[in-house]
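By convention in this document, chain letters (A, B, ...) are assigned in the order of the sequence lines, proteins followed by strands, and residues within each chain are numbered from 1.
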Amino acid sequence: MLETKYDHKRVEKGKYENWKEKGYFKSGDTTKKPFCIVIPPPNVTGKLHLGHAWDTSIQDVLIRYKRMCGYDALWLPGMDHAGIATQAKVDRKLREEGMDPRSMDREEWLKKAWAWKDEYASNIHDQWATLGLSLDYTKERFTLDEGLSEAVRKVFVHLYEEGLIYRGERIINWDPEAMTALSNEEVIYKDVEGAFYHLKYFIEGSDEYLEVATTRPETLFGDTAVAVNPNDERYKHLIGKNVILPILNEKIPVVGDEHADMEFGTGVVKITPAHDPNDFEVGNRHNLERKIIMNPNGTMNALCGEKYDGMDRFACREAVVKDLEEQGILIRIEKITHNVGHSERTDVMVEPYLSKQWFVRMRPLADAVLENQKNKDTKVNFWPSRFEKIMNHWMEITYDWCISRQLWWGHRIPAWYRGEEVYVGVEEPKGEGWIQDEDVLDTWFSSALWPFSTLGWPEGNELIERYYPNNCLVTGYDIIPFWVNRMTFQGLHFTGKRPFEDCIIHGLIRDKEGRKMSKSLGNGVDPMDVIEAYGADALRYYLTTEVSAGMDLKYDEDKVKSTWNFINKLWNASRFVLLNIENLSEEEFTLDGLKEEDEWILSKLNKAISDTRKYLDKYEFNNAGASLYNFIWNDFCDNYIEMAKFSADDVVTKSTLYHVLSSVIRAISPFMPYVSEEIYTMMPFKKCDSIMIDEYPTYSKEYDFDTKDVDDMLEFVRLFRTFKLENGVGKEFYIEYNSKAHYRIITNLLKLDGKTEGQKGNASYDVIYKEYSISVFFNKDDSSSIDAAKKRISELEDSIARRKKLLSNENYTSKAPQDIVLKDRQKLQEEEAELEKLRTA
RNA sequence: GAGUGAUUAGCUCAGCUGGUUAGAGCGCCACGUUGACAUCGUGGAGGUCGUAGGUUCGAGUCCUAUAUUGCUCACCA
């Protein structure tokens, strides 16, 4: 039998292993309609955090719900190799062990990385299990699997042949620590303290100079021109002349280019084509030389002169400024705060760097998405819909995607070189002397294929046929640019279909103060610690029902605690029911001859179930949770169970208790799989071996009744209690029933049995509501304190006056919908009747 | 600079296509251990829904402006 207290550790122990062993997580029953979600693959870099717990809990609620609704539910698990993130961590670990990762052999290094992957994958599996996620492990994939790698090569080659992938020299975002290129999305802009250094660039053969302001004086070694606006009257005449580049004392031309903004600064810009994207464009327009003056690790190279060769870029800035000052070139230093790009993974300042990289030509792919989003039958539907704008905006402004990374951990680019020859193909080219590109692809290049590569694409097979497009994708809004957008254009391009019909977007987890959870702030919370303290069920319910769709969530442990209390409440209600229906058999079970309170709770149950289903179908998990919470706590525990106590021997009461409890635990099971299973197994009879393969409860028309009478009685009970408390009636009092209404439930709930005999007190009061009226006599020295009636009368008078005024407004009665006006008229009548009774009492 | 959210009770949040007297949890106050639960029960206090206009018979909800704050994107060398 159940303990008096819910023990989450005992309840959750062993259940997951049992479900997994019995094969309940497996998909593939082709007699059913398919429903498929693929998990956003977590990085194999570490532990899952609260954000993962939130994201996966939502998916598990959905998949369990659909499974119980009779779908062949596939939730496909997997992980992401997470190129740069993993490589950075593996390198760090190797360094800690005294090894230099960069001097290792590539194959040797990869062995270490795979060992790391295995270790972390196993941690993640344990965490998934603890969370209770019903993932179909028979279909688990990893982004570096052979099948997925083949899909990646196929996509690369295909896009190359279509001219949508090309290799070119461009300014890209360079991470000098990881020593790799980055995409725009991997760059995070932060405000930093900096300065404008105003410098003199002397005009050749003259004492005159142009005043050039720059935030990066160390890049002057790469300057190959100075630009002024061709319409700028101040400098127009200088176009075509030369200026002297400081320190190096080289001649560089003055060019006229629109890029120079007359309004900004001095109107003169130094042009460094190899180290600034705008300057690169200017350089192209004027055929300027591209001087790369830095090494890949962020140190200066020989072009900067002997003094600066090998110096770190930041040390070089200081040294250059000092030299310029000594040479009288530095006019002044103006302190400013500006936005500077940092690497998402290593947090170092990103260097705009001229480099030969592979790119995806985005425009045609993005346009296809924009076009498809106009078709309501084939578009990706966002929930909430406002997030579609984020995707569309990105599609409108996106430009070519740099996909090559100078890393080892990832899919090696399927391109081979032999002298000037380039070969791009799925397989290695035949013949001697071919050398494969050393670089790997951006992690997101492979994740973009996840919805179909995991199902076996490019081989056409029954998995693709059956589960693609996926029904849903669940992720946070921060991932839309990185992932959702790329899945969408790749899906459209390669399968001709959207990758998923619905894209459910949630927010970010923040700490109690609203700050992002991060390692540097030390405000992170480990979901495993929360589960240890309150159980997976409490954490899951809390995360999935706390906020409305798309909103951020401020994590508050007290709320997890109160969710635990809610589960304890459900636990104890179940305990009461199970104690009372211990020997109820399936044959005895009957819902014939329902009492009015039975009809009442069954109707409330119906409402709760249909609301819950309605909300789950709209992915409004918070509303679904609230509807179950209110039903369980208010209707079932506070009211029905109290009423049932007075007829607990009745087989109809027992059957009703059974029916309600059985429905409730099934309805809440997707949120709380463990505790619902525990209660399910203790039911005297049940349909299945596990709640997770039983049916989700449905609305049943035959058990929908008019509940007004019981609602009225409960309202009377509330008024009676209020009166007793406010007037300090205490336990000793005497009552008289004043009307012929039946008082069975009221008498029981208020424990009025035996209150019709004994001493009448000196004070008295009539509690009246609708057809119910009871006079209460009790002892009180100061009977003048009884003002509850006055209070109620004045409430009624106010309300009646308000309503009369409203109903006398012809604009209202003629323009408002008639059912609403009718309701007002009825309500007015009721209030007037009640007031009349109170006055005559 | 552009886009997009938020602003409702002390705190954290709900509030669907506009409908009467705006809800929940936690916290607070009073009372209460009757055999599911004190991790509980009963009752209560507490909000002019950021501000100013407008549309409407009727606005937390729609429109305009504005303030504060968050996020995304783009940015000035």
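- Using a 4.0 Å heavy-atom criterion, one finds that Lys823(A) contacts the bases of the nucleic acid, with or without backbone contacts as well.
- With hydrogens and angles ignored, the 3.5 Å screen pairs no side-chain donor or acceptor of Asn229(A) with any backbone N or O of Asp261(A).
- Residue-level contact check: Ala260(A) touches the bases, meaning some heavy atom is under 4.0 Å from a base atom.
- With sequence neighbours excluded, the residues satisfying side-chain contact (heavy atoms from CB on, under 4.5 Å) with Arg363(A) are Ala366(A), Asp367(A), Leu370(A), Thr398(A).
- Side-chain to base pairing of Asp556(A) with rU12(B): no donor and acceptor N or O lie closer than 3.5 Å to each other.
- Residues that satisfy the salt bridge (charged side-chain N to carboxylate O under 4.0 Å, His left out) test with Asp558(A), not counting sequence neighbours, are absent from this structure.
- For the side chain to side chain donor-acceptor pair (under 3.5 Å) test, residues two or more places apart in sequence or in another chain that qualify with Lys9(A) are Glu532(A).
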Output field dot_bracket for RNA chain B (Watson-Crick or G-U, both distances under 3.5 Å, | for other-strand pairs) contains (((((((..((((.....[...)))).(((((.......))))).....(((((..]....))))))))))))....

What does the list of N/O pairs under 3.5 Å between the protein and nucleotides 56-58 of chain B look like, with a distance for each?
from, atom 1, to, atom 2, distance (Å)
rC57(B), OP1, Lys815(A), NZ, 2.2
rC57(B), O2', Asn809(A), ND2, 3.3

Enumerate the protein-to-nucleotides 29-35 of chain B contacts in which both atoms are nitrogen or oxygen and the separation is below 3.5 Å.
none

Distances for protein N/O vs nucleotides 68-73 of chain B N/O pairs under 3.5 angstrom?
none

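- Under the rule for a side-chain contact (heavy atoms from CB on, under 4.5 Å), the partners of Asp276(A) that lie at least two apart in sequence or sit in another chain are Asn278(A), Asp279(A).
- Not counting sequence neighbours, the partners of Glu513(A) by the salt bridge (charged side-chain N to carboxylate O under 4.0 Å, His left out) test are Arg515(A).
- With rG44(B), rA36(B), rA77(B) as the choices, the nucleotide that has an atom nearest any side-chain atom of Glu726(A) turns out to be rG44(B).
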Readout for nucleotides 21-26 of chain B: B = base within 4.0 Å of protein heavy atom, S = sugar-phosphate only, - = neither; 5' to 3' it is B---BS

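- For the salt bridge (charged side-chain N to carboxylate O under 4.0 Å, His left out) test, residues two or more places apart in sequence or in another chain that qualify with Arg216(A) are Glu218(A), Glu351(A).
- Residues meeting the salt bridge (charged side-chain N to carboxylate O under 4.0 Å, His left out) test with Glu797(A), sequence neighbours left out: Arg839(A).
- Between the side chain of Asp537(A) and the backbone N or O of Val675(A), at least one donor-acceptor pair lies under 3.5 Å.
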